[in-house]
Structure formats: structure tokens, C-alpha cells
**Student:** 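Pasting a structure here, questions to come.
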Amino acid sequence: MKTDRDLERQLASIDRRGYPSYKSLRGTYDFGDFELDIAHVQGDPFAAPSQLAVYVPGDVSGLPACCRDAAHRRTATEDLLVRRFSKEAAQASFKVGGSGKSGFIGTSNPGPEILARSACEIAPDGAVMLRFEAGLPAHGRTIDARAAARMLLDLIPVCVERALMLDDAGRRAAQKAAELADDQRAVRSAMRERDLVAFVADGSVLPRSSGVSAKPLAGARPFTSPESMRVTLELPHRGRVRGMGIRRGITLIVGGGYHGKSTLLKALQEGVYDHIAGDGRELVATDETAIKLRAEDGRVVRAVDISPFINNLPDGRDTRSFSTEDASGSTSQAASTVEALEAGARTLLIDEDTSATNFMVRDALMEAVVAAEHEPITPFVERVRALWERHGVSCVLVMGSSGAFFPVADSVIQMDAYEANDITERVRAVLADARLAGTHPEAPGLGVSAGKASEAGEASEAGETSASSSSDQDAPASRPLELGGRLERCSTGRPGRRGRARGGDGAGTARHEHLKVRGRGRDGFTVGSYDADLRLVEQLVDAEQSAALAQMVRVVLEHGLLDGTRALRDVVDEAFRVLDEQGWEALSPYGDAACGLARPRPCELVAALNRLR
């Protein structure tokens, strides 16, 4: 293997040459305590930066065994190392100047969520692979070898030493990250045992500093759970932790404007991910399958059975396999609901503010004016109870202006100046008075004990469905998805290379003639001639998740999997199986993985495929 001295000599030999001569640097160099791999060199100083990686052996990284002996601990430790390297790289970036991206050094820059990322991988023996980008210096399009030598032989080694070779303080930080991961895992395990869809620890800080910031709001009121909903969990490192447990079933979050309803729901929808210490929501956890639903005017819908919600259209279209390139708010929300159930969601999250009103409710006065036979929409309020009792699908809804969901709810939380109060019994009393006065019809939900609702959910889990369930209320099975112009599999037979930290031996799968991918951050992406608009897929929290989705969609399209013969969920499961078995290299069109990808949930891949147009 070549050494850092060889790299120094090679740089000197190409000084002042044209920028393409940088490509002669590709390869791996031994720096003593670590190896530097120059995998891909940009063709121009104004192009996307070059792709590099460093490999630090386990006996040099200093990672304690407790930080790498389980998958959830490795992910938390990888996240910590990425943050450490990103901080060091930001200080070293652009210390050498030049044209375009000359002098840039950077890797993933995570938000508060802890996600598996292609930027870092830890092997069981503690070896670390850290991938990053660098803008090789130039003046105009002429190589500046002296600046490149300072970057590659001085600045980057300092970043590696400070971020990835842990001293006592670094080892303590890694151990704390692993311990938090243990506690978060214990919270989720306890939720399943106690039949909870969510847990919000007392003392959590839910408000963010602004609508465009993920930082906690300074001086915000810490969360306190209502006594009647308080549960105590025993965590392996933090010990006894109390907080609000939201039971499976139908839960309403109500209250006046600006009192914290949507803030609580926002914390729940992002609680499908673990969060770093100091975020304020590190012990807020939600069922990992939970999907946030909303209206998406203009979205594409392809062959979805929306008949449980929309039927008997005036133009006679069949809603059992409904397609449109420009869905209305109510149609899009109906389609998204069915798609969420197809994707395996056990919990639905809905905010009245982002929903189509005519999809959610229909009041008595409107029913009196417009006869039922002239209204093709069956509102969600009339279906939500069956989703829970017959199919075990829970729902958490924020409602601020309509009381239509009170009769079908199992519990009601009122947010009052960011304080959560359990007002279930008060709502029951109001409903009872209304029924006695003859002003409100009988309805399931708050008129039924929470125990019975739980029993109904347990029966549905055991496969016992109500004999009265009609076909239009059955939970949908995953359907095939077919796009126009099937793309056949093609191979060039060139092998890829596995990442060293995973213990790869250099063997890879066959490569393909690849479709071009263009990303738009969290907003979506284009793959070949197909476009996916993800702006309203709210639980995508990182642009790197969208980038990973784009590559997964590319692989699916290149292999012709959307040909109408496979269930969509089977396609998604296969995509994640390949990712799990082959690692991030499976999503690289060039064989070597690069930083810039973060693992999405399977339901987000379902959402992306459903939105291709």
C-alpha cells in the first residue's frame, strides 16, 4: 500500500497541471494510525466535491466494547462520531482557498435525530470508516498542489485525530450515547408490553425555538404528564422515569389555539426516531410504524382503493382502483390513509389544521341540506372506530374546532398553556348530558370503557374480525404498482467494492447502466424521467433520507420491479433486504459508498413510490 509520503510526492508531480491530473491520486494511503482512501475525484473545481474516506483500526479508535456490541449502540456511536468529525471539518474547511469548492471539507451534518448514515460505519472490532467530501484546491482549473498537500496531509489528519481517536473524554461521550440508546430501546420495549402508542417523559421540552429550527425553545415549560395517564418505566441507566403513556385506541388532543396541540403532535410524529441528549425529546417515543396523514392537493394517486371513504362519484369512476394526476385534498387524504395501512401502519397521526375538512367530518346541518345519496365522501369520523376495533389501528388526532370525534374517542387530552390534562371523564359527562337531552346520538368510543376498546384491539391482533365488517372497511392488502414503460434489468458485469469497516472482501454485485438521479433536498427527487414530490411527507426529517430514497427508487426502477406483478410492500421489503445485506454500497451507482445517505423507514419508500409521476 502507498503511504502519505507517496501522496506528498504525487502531489508535487502534478503541481500546476490541469485539474483532471488530480485523478492520479485515487487509491488508499497508509498514514500510520489510519488510512486515507481517495475514492472519487471531482472533474472540475466547480463540480461536486471529491469523495474520500478514512479507516481507523479498532486499536486506534479507542471505542469501548459497550459502544459497538449491539446494533442500536453502534448506530448511536456512529452518529456521535459523525457529529464530532463534522464539527472539526467545519473548522478546517476553506482554510486553503482557490476556485469553486477549493478547500471545502465536510461530511453529514445531522439534526437532532439519530439515524443510520452512510457517513460512518463501525465494525464489531471497533474499526471506524468515516466518509467525507473535500474540494481539491485549484486556481482557475490549475492544480494548487501546495494547498492540496496542506489539506490532505495536515488539516484532514488533525480532524481524524480529534474526532475519531478517542481520549478519555471522547470515550465517556461515546459511552453516554450508547447508554441513551439503551434507555430509548427500553422505552420502546416497555411501550409494546404496556400497549402504548406513545410515551412522553416528564421534563421533556417539546416546543422548538422557531418554525425553521429544530433546537429546543429556551425557557419553554417542561412537559408534565396528567396523573391519570402517568406511567413509570424502569430504564437500565436512568432508572425510574415517569411520563405520559398514550394507550392504543383513539386519542384526541384538543384545546385552544396556540396552547400546544400541534406541538405535542409534532413531537409524536418525530418520536418515531431516537433523539440526541439535549434535544429535549430524547425520551419521547412513538410507535415506529406511526404515519402522519394530511391532505396533499395535486398529488398523484395510482390504482388505490379509496372506496371505504369515497364512492359513487357523479361521473361513475370506479374508486376501488382510483387513479389521478391531480388529487383534491379529500381524495389525496383518502389515498394516503389507504396507502398507510398498506404500508403496515399501526398508528395514524392527524392534525385538523392540515386535513381536508370534508374528509374528516360532516355535520348534521350539512347532512340535512345535502342528502347522503348526493355525497360520495364517507368522513373519517365514521371509519376511525372500525379501524381500531376491527383492525387494531390506533389514531391520535388534533382537533380544535369540531367535537365530532368526541363520541368515538377512547381518551381526550386537553392542552392548556402547554400543560396536558386528561379530560376524558369530563367529555363523557358532557356526552351523557347531551344524550339525555336528546341532542346527540349514541356512539361507540367514550361511551365504552377503555378496557373494552383494548380488548377489541387485542382481538383484532389475534385475527378475530367482526362478523359485521363489510368489504369496504377491510384493511387493504398491499397492491401491485405499475409504472408506464417498464425498465428492464441490465448489467455491465463490473463488480463493486464493499466498505472496509463492514469486513467486505472486495466482492460486489453486478453494476448497471444507471438512471440519472437529481435530488431536491427534503422536497423530493428525480430518477430518470420520473419525479417524486415529497414536500408533504412530513416524517422525512433529513435531506439524506430523501437522497437514500432516490437511490432506492433508482435500484427498483433499474431492476424493473414495478411491473405490476409484485405487491408494493414486497418490492419495498426486497429493497431493504438488499440494503441490509449489502450495506450502503448497494445504493451507490459507482460501487463505493459515499457520505450523504441516511436510512429512511420502509413506509417512506412506500410513500415515494406512490408519488412517482
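Because only heavy atoms are used, hydrogens play no part in the values below, and waters and symmetry mates are left out as well, while side chains stay in.
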**Student:** For Pro110, is there any backbone N or O sitting under 3.5 Å from a side-chain donor or acceptor partner on Ser108?
**Tutor:** no
**Student:** Between Ser336 (side chain) and Leu293 (backbone), is there a donor-acceptor pair under 3.5 Å?
**Tutor:**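 Flag not set: sc Ser336 to bb Leu293 has no pair under 3.5 Å.
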**Student:** How about Leu397 and Glu352: do any of their side-chain heavy atoms sit closer than 4.5 Å?
**Tutor:**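 No, every pair of side-chain atoms sits at 4.5 Å or beyond.
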**Student:** Between Thr347 and Ser394, do the side chains contain an N or O donor and an N or O acceptor separated by less than 3.5 Å?
**Tutor:** no
**Student:** Salt bridge check: are Glu282 and Lys176 linked by an N-O gap of less than 4.0 Å?
**Tutor:**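 Salt bridge absent between Glu282 and Lys176.
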**Student:** With heavy-atom distances below 4.5 Å as the criterion, would you say the side chains of Val200 and Arg281 are in contact?
**Tutor:**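 The answer is no, as the side chains (C-beta and beyond) never meet within the 4.5 Å cut-off.
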**Student:** With a 4.0 Å cut-off on N to O distance, would you call Glu288 and Arg601 a salt bridge?
**Tutor:**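 Salt bridge: no.
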**Student:** Could you pull out the closest heavy-atom pair between Ala53 and Met129, with the gap in Å?
**Tutor:**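 Nearest pair, atom of Ala53 first, then Met129: CB-SD, 3.8 Å.
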**Student:** Could you check if a side-chain atom of Phe94 sits within less than 4.5 angstrom of a side-chain atom of Phe104, using non-hydrogen atoms only?
**Tutor:** yes
**Student:** State which residue, out of Gln184, Arg185, Glu113, fulfils the side-chain contact (heavy atoms from CB on, under 4.5 Å) condition with Asp274.
**Tutor:** Gln184
**Student:** Can Asp580 and Arg599 be counted as an ion pair, charged N to O under 4.0 angstrom?
**Tutor:**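 Yes.
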**Student:** Just do the side chain to side chain contact (heavy atoms under 4.5 Å, CB included) check on Val527 and Gln551 with the steps written out, would you?
**Tutor:** CA-CA 8 Å; Val527 178; Gln551 294 299 338; over 6 Å; no
**Student:** Is a donor on one side and an acceptor on the other found under 3.5 Å between the side chain of Ser332 and the backbone of Gly329?
**Tutor:**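 Such a contact is found between Ser332 side chain and Gly329 backbone.
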**Student:** Under the criterion side chain to side chain contact (heavy atoms under 4.5 Å, CB included), I'd like the reasoning laid out for Cys595 against Gln51: C-alpha separation, chi angles, the key distance, then a yes or no.
**Tutor:** CA-CA 8 Å; Cys595 67; Gln51 299 290 337; 4.2 Å; yes
**Student:** Classify the side-chain pair Ser225/Arg230 by whether it contains a donor and acceptor separated by less than 3.5 Å.
**Tutor:** yes
**Student:** Is a side-chain N or O of Thr77 found less than 3.5 angstrom from the main chain of Cys67, in a donor-acceptor match?
**Tutor:**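 Looks like yes, one N/O pair under 3.5 Å.
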**Student:** Indicate yes or no: does Lys261 engage Asp353 in a salt bridge with an N to O separation below 4.0 Å.
**Tutor:**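 Not counted as a salt bridge, because no side-chain N and carboxylate O are separated by less than 4.0 Å.
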**Student:** Can you find a side-chain donor-acceptor pair between Glu270 and Gln539 that sits under 3.5 Å?
**Tutor:** no
**Student:** Between Arg535 and Asp523 (side chain of the first, backbone of the second, donor and acceptor by atom type, cut-off under 3.5 Å), is there such a pair?
**Tutor:** no
**Student:** With distance as the sole test, does Arg83 use its side chain to make a donor-acceptor pair with the main-chain N or O of Gly111 at under 3.5 Å?
**Tutor:**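 Yes.
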**Student:** Answer yes or no: is there an ion pair linking Asp167 with Arg172, defined by an N-O contact shorter than 4.0 Å?
**Tutor:** no
**Student:** Side chain to side chain contact (heavy atoms under 4.5 Å, CB included) between Glu544 and Leu115: does it pass, once the steps are laid out?
**Tutor:** CA-CA 10 Å; Glu544 293 192 353; Leu115 304 172; over 6 Å; no
**Student:** Kindly say whether Leu235 contributes a backbone atom to a donor-acceptor pair with the side chain of His237 at under 3.5 angstrom?
**Tutor:** no
**Student:** With a 4.5 Å limit on heavy-atom distance, are the side chains of Leu164 and Ser61 in contact?
**Tutor:** no
**Student:** For Lys292, give me all partners under salt bridge (charged side-chain N to carboxylate O under 4.0 Å, His left out), at least two apart in sequence or on another chain.
**Tutor:** Glu538
**Student:** Do Arg242 side-chain atoms and Asp202 backbone N/O form a donor-acceptor pair below 3.5 Å?
**Tutor:**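 Absent.
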**Student:** Under a 4.0 Å threshold between the charged nitrogen and the carboxylate oxygen, would Arg131 count as salt-bridged to Glu585?
**Tutor:**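 A salt bridge links Glu585 with Arg131.
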**Student:** Determine yes or no for a side-chain-to-main-chain donor-acceptor pair under 3.5 angstrom, with Arg84 supplying the side chain and Arg162 the backbone.
**Tutor:**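 Judged by distance alone, yes, a pair lies under 3.5 Å.
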**Student:** Answer yes when Arg208 and Asp279 have at least one side-chain N-carboxylate O distance shorter than 4.0 Å, and no when they do not.
**Tutor:** yes
**Student:** Answer whether the closest heavy-atom distance between the side chains of Val160 and Phe132 falls below 4.5 Å.
**Tutor:**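 Sidechains of Phe132 and Val160: no contact.
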**Student:** Could you tell me whether Arg611 and Glu296 have a side-chain N and a carboxylate O separated by less than 4.0 Å?
**Tutor:** yes
**Student:** Give a yes or no on whether the backbone of Thr286 and the side-chain of Arg188 come within a donor-acceptor separation of less than 3.5 Å.
**Tutor:** yes
**Student:** Report the residues that fulfil side chain to side chain donor-acceptor pair (under 3.5 Å) with Asp351, sequence neighbours left out, ordered by chain and then residue number.
**Tutor:**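 For Asp351 the side chain to side chain donor-acceptor pair (under 3.5 Å) partners, ignoring immediate neighbours, are Ser262.
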**Student:** Salt-bridge test for Arg248 and Asp287: reply yes if a basic N is under 4.0 Å from a carboxylate O, no otherwise.
**Tutor:** no
